[in-house]
Amino acid sequence: MNYAPASPTGNAEAFAFDNSYARLPQQFFARVAPTPVAEPWLIKLNKQLAEELGLDVATLEREGAEIFSGNRLPAGADPLAMAYAGHQFGTFVPQLGDGRAILLGEVIDRNGKRRDIQLKGPGQTPFSRRGDGRAALGPVLREYIVSEAMYALGIPTTRALAAVVTGQPVYREQILPGAIVTRVAASHMRVGTFQFFAARGDIESVKVLADYAIDRHYPEVRDAERPYLAFYKAVTARQAELIARWLHVGFIHGVMNTDNMTISGETIDFGPCAFLDAYDPKKVFSSIDQIGRYAYASQPAIGQWNLARLAETLVPLFGDNQDTAVELANDALGEYGAIFQRHWLDGMRRKIGLAMSEKGDLDLLQALLTAMHQGEADFTLTFRRLCDSARDPAADAVLASTFASTGAIGPWLQEWRQRLSREKATPDERATAMMAVNPAFIPRNHRIEEAIAAATEDADFSLFEALVEVTANPYADQAQFARYQAPPSPGEEVQRTFCGT
């Protein structure tokens, strides 16, 4: 396999690249060009995102199949695969890296923010470890749908710029159509990137990486008394808030390995991810999570565990005295729980219409979640229908129908209304505020699978397009998309989701 970079071909001038990561020392990556594919065809171009990135949309519409398949490198691209390590389900793997992803380069968007543009599924790299470096159509569509839905929900996330089919198959348990998704991120640095160098005792490279991450994502900490400790605290705070926001919408990442936790605080890698239907804190969808390590309610603790692994890589930068440095790291990590709890509780208060804080709010929320679990109530639909009950108690009957036992929610509603009586908002104001944080639409698992099946088996992308459209406006009532709001009926439930490798 020849890993030498290819020369740009054609005249694709859609991108104004400024590739800062490629200017880091050579041990941070391997330069590698995408492997050309047979007959690329552009499934979807995210025009809104392309415009936000300052890209030439007309060129991308005309030449996107060639560019986003890797067949044509845009001028200024400097393709590379990033090196990183990671704990996978608690077991450390000292070398992972981009085995099926290639970073084309970076652009500065219209808001002055630096963004990575990466192909996922463009062929082998030095980190492929016997893999083909390719992606199947199903995982590509899943990543496009869910990452854009997360963006619309207001949750920090990588995004999807384009999806193409390659015109050639990939071989998994069965033969599947090949595809490539173009991913956009604030950066692709991960906890595992730091682990890669720390595991080799290369503290100088850890420092170079930390300096780069500070300049790129946390410039406000550069002049702190202890900048690397301040950097670590900033990463910790962002991750605590991110995971709280996952829980607010019932999202289960499914594979929270340290190589899937970004330094920027964005959600990344949507392989076996899923959203709750009936509320169950122990719910697991991922087929590779046999022990429930990454269950819905376990995600906050796993986030802290991952951040402990990041602290281990940074301790040498916290000070010359090892004991003092470890103590500083432990103190910083200890702040995670309080930060997470504050964000989670504030967001959950908003979901049930509370603008003020009272001592008993946590108990009130836990009582609701317990009733939802016991009543097998749909997570998304329960909170959305609670908005209607906030406006008019006559809607309580519709809310109660969400529960297996219609009387399960009655006592809680009485306590809730007593609590609401101490708030200042009118019923209409409260309901409007609640609807702004309780989505009517999420990318439900059975609808994703339905769209993937239609595309994979019949080359029918209409269900994919509809799901992208409806989840782009998740907080609005969209009567024409009512079927996408409903939970799965018996027999439609998705019990397992799968990684795309």
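- Among M82, Q195, Q88, the one residue that satisfies the side-chain contact (heavy atoms from CB on, under 4.5 Å) test with L96 is Q88.
- T157 and S147 get closest at one heavy-atom pair: CG2-O, 3.5 Å.
- Taking both residues in full, the closest heavy atoms of Y279 and L276 are given as CD1-CD1, 3.8 Å, listed atom of the first, atom of the second, then distance.
- Between the side chains of S20 and E106, at least one donor-acceptor pair of N or O atoms lies under 3.5 Å.
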key: side-chain contact (heavy atoms from CB on, under 4.5 Å) evaluation trace for D280 with Y296   = CA-CA 8 Å; D280 180 354; Y296 171 78; over 6 Å; no
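- Ring pair Y218/F231 is perpendicular by interplanar angle, where above 60° counts as perpendicular and below 30° as parallel.
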query = What's the verdict on salt bridge (charged side-chain N to carboxylate O under 4.0 Å, His left out) for D269 and R183, showing C-alpha distance, side-chain angles and the deciding distance?
reply = CA-CA 10 Å; D269 285 333; R183 181 162 67 187; 2.7 Å; yes
task = Show your reasoning for whether side-chain contact (heavy atoms from CB on, under 4.5 Å) applies to N445 and D277.
result = CA-CA 8 Å; N445 310 319; D277 291 312; 3.7 Å; yes
message = One pair to check against side-chain contact (heavy atoms from CB on, under 4.5 Å): F379 and M372. What are the steps and the verdict?
response = CA-CA 8 Å; F379 184 88; M372 289 170 62; 3.9 Å; yes
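- Y84 meets the ring pair (Phe, Tyr, Trp, His ring centres under 6.0 Å) test with no other residue; sequence neighbours excluded.
- At a threshold of 4.0 Å, the pair D378-R444 counts as salt-bridged, since one of the basic side-chain nitrogens sits closer than that to a carboxylate oxygen.
- Although no hydrogens or angles enter the test, the distance criterion places a donor-acceptor pair under 3.5 Å between the side chain of T267 and the main chain of P156.
- Looking at R216 and D116, a side-chain N of the basic residue comes within less than 4.0 Å of a carboxylate O on the acidic one, giving a salt bridge.
- Remark: the backbone N or O of R100 is not paired with any side-chain donor or acceptor of D98 at under 3.5 angstrom.
- A donor-acceptor contact shorter than 3.5 Å is absent between the side chain of E376 and the backbone of H373.
- Contact check on R349 versus D346 returns a salt bridge, with a Lys/Arg side-chain nitrogen under 4.0 Å from an Asp/Glu carboxylate oxygen.
- Residue N111 places its CG atom among more than 12 non-hydrogen atoms of other residues, nucleotides or ligands, all under 6.0 Å distant.
- Ring pair F28/F197 is tilted by interplanar angle, where 30° to 60° counts as tilted.
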inquiry  = Between Q118 and H188, does the side-chain contact (heavy atoms from CB on, under 4.5 Å) criterion hold? Intermediate values first, please.
reply    = CA-CA 9 Å; Q118 182 196 70; H188 286 84; 3.3 Å; yes
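- For E143 and K120, the salt-bridge test passes: some basic side-chain N is under 4.0 Å from an acidic carboxylate O.
- A donor-acceptor contact under 3.5 angstrom links the side chains of E148 and N46, judged on distance only.
- Between I263 and V191, the shortest heavy-atom distance links the atoms CD1-N, 4.0 Å.
- Considering every non-hydrogen atom in both I268 and T158, the closest pair reads CG1-CG2, 3.8 Å.
- By the 6.0 Å and 45° rule, R200 stacks over the aromatic ring of F196.
- A donor-acceptor pair under 3.5 Å is absent between the side-chain atoms of N257 and the main chain of D259, judged by distance alone.
- Tested against Y144 for a ring-ring contact (aromatic ring centres under 6.0 Å, His included), the candidates F464, Y151, F270 yield a single pass: F464.
- Shown are H217, Q239, R238; of these, the side-chain contact (heavy atoms from CB on, under 4.5 Å) with T262 is made only by Q239.
- Judged by distance alone, with hydrogens and angles left aside, the side-chain atoms of T193 form no donor-acceptor pair with the main-chain N or O of M189 at under 3.5 Å.
- Formation of a donor-acceptor pair under 3.5 Å by the S205 side chain with backbone atoms of D202 is not found in this model.
- Aromatic pair F89/Y294: ring centres closer than 6.0 Å.
- Geometrically, R417 does not engage W412 in a cation-pi contact, judged by NZ or CZ lying under 6.0 Å from the ring centre and within 45° of the ring axis.
- A ring-centre distance under 6.0 Å is not found for Y475 and F441.
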Mind listing the side-chain donor-acceptor pairs of residues 418-427 below 3.5 Å, one per line with the distance, residues two or more places apart or on another chain?
{"unit_1": "R419", "atom_1": "NE", "unit_2": "D361", "atom_2": "OD1", "d": "2.8"}
{"unit_1": "R419", "atom_1": "NH1", "unit_2": "E423", "atom_2": "OE2", "d": "2.9"}
{"unit_1": "R419", "atom_1": "NH2", "unit_2": "M356", "atom_2": "O", "d": "2.9"}
{"unit_1": "R419", "atom_1": "NH2", "unit_2": "D361", "atom_2": "OD2", "d": "3.3"}
{"unit_1": "R419", "atom_1": "NH2", "unit_2": "E423", "atom_2": "OE2", "d": "3.2"}
{"unit_1": "S421", "atom_1": "OG", "unit_2": "Q418", "atom_2": "O", "d": "2.4"}
{"unit_1": "R422", "atom_1": "NE", "unit_2": "E358", "atom_2": "OE1", "d": "3.2"}
{"unit_1": "R422", "atom_1": "NE", "unit_2": "E358", "atom_2": "OE2", "d": "3.0"}
{"unit_1": "R422", "atom_1": "NH1", "unit_2": "Q418", "atom_2": "O", "d": "3.4"}
{"unit_1": "R422", "atom_1": "NH2", "unit_2": "E358", "atom_2": "OE1", "d": "2.9"}
{"unit_1": "E423", "atom_1": "OE1", "unit_2": "A355", "atom_2": "N", "d": "2.8"}
{"unit_1": "E423", "atom_1": "OE1", "unit_2": "M356", "atom_2": "N", "d": "3.4"}
{"unit_1": "E423", "atom_1": "OE2", "unit_2": "M356", "atom_2": "N", "d": "3.2"}
{"unit_1": "T426", "atom_1": "OG1", "unit_2": "E429", "atom_2": "N", "d": "3.1"}
{"unit_1": "T426", "atom_1": "OG1", "unit_2": "E429", "atom_2": "OE1", "d": "3.3"}

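- A donor-acceptor distance shorter than 3.5 angstrom exists from the side chain of Q478 to the backbone of N473, with no hydrogens or angles considered.
- The aromatic rings of Y484 and F481 stand perpendicular to each other, their planes meeting at an angle above 60°, with 30° marking the opposite boundary.
- Salt bridge status for K207 with E204: absent, with no side-chain N to carboxylate O gap under 4.0 Å.
- Proximity of F383 to V437: side-chain heavy atoms (C-beta onward) are nowhere separated by under 4.5 Å.
- Between atom CD1 of residue I117 and atom CG of residue L103 there is a gap of 9.0 Å, rounded to the nearest 0.5 Å.
- Geometric assessment of R342 against the ring of W344 yields a negative cation-pi assignment under the 6.0 Å and 45° thresholds.
- Between G265 and L242, the closest heavy-atom pair is O-CD2, 3.6 Å.
- Taken to the nearest 0.5 Å, the CG atom of L104 stands 9.0 Å off from the CG atom of L80.
- Side chain of Y336 to main chain of L307: no donor-acceptor pair is present (N/O by atom type, distance under 3.5 Å, no hydrogens or angles).
- The ring pair (Phe, Tyr, Trp, His ring centres under 6.0 Å) search around F251 returns W246, F275, not counting sequence neighbours.
- With R190 contributing its side chain and M261 its backbone, the two residues share no donor-acceptor pair below 3.5 Å.
- E266 has no carboxylate O lying under 4.0 Å from a charged side-chain N of R159, or vice versa, which leaves the two without a salt bridge.
- D215 and R114 are not joined by a salt bridge, as no carboxylate oxygen comes within less than 4.0 angstrom of a charged side-chain nitrogen.
- Looking only at distances, a side-chain donor or acceptor of N306 sits under 3.5 Å from a matching main-chain atom of M256.
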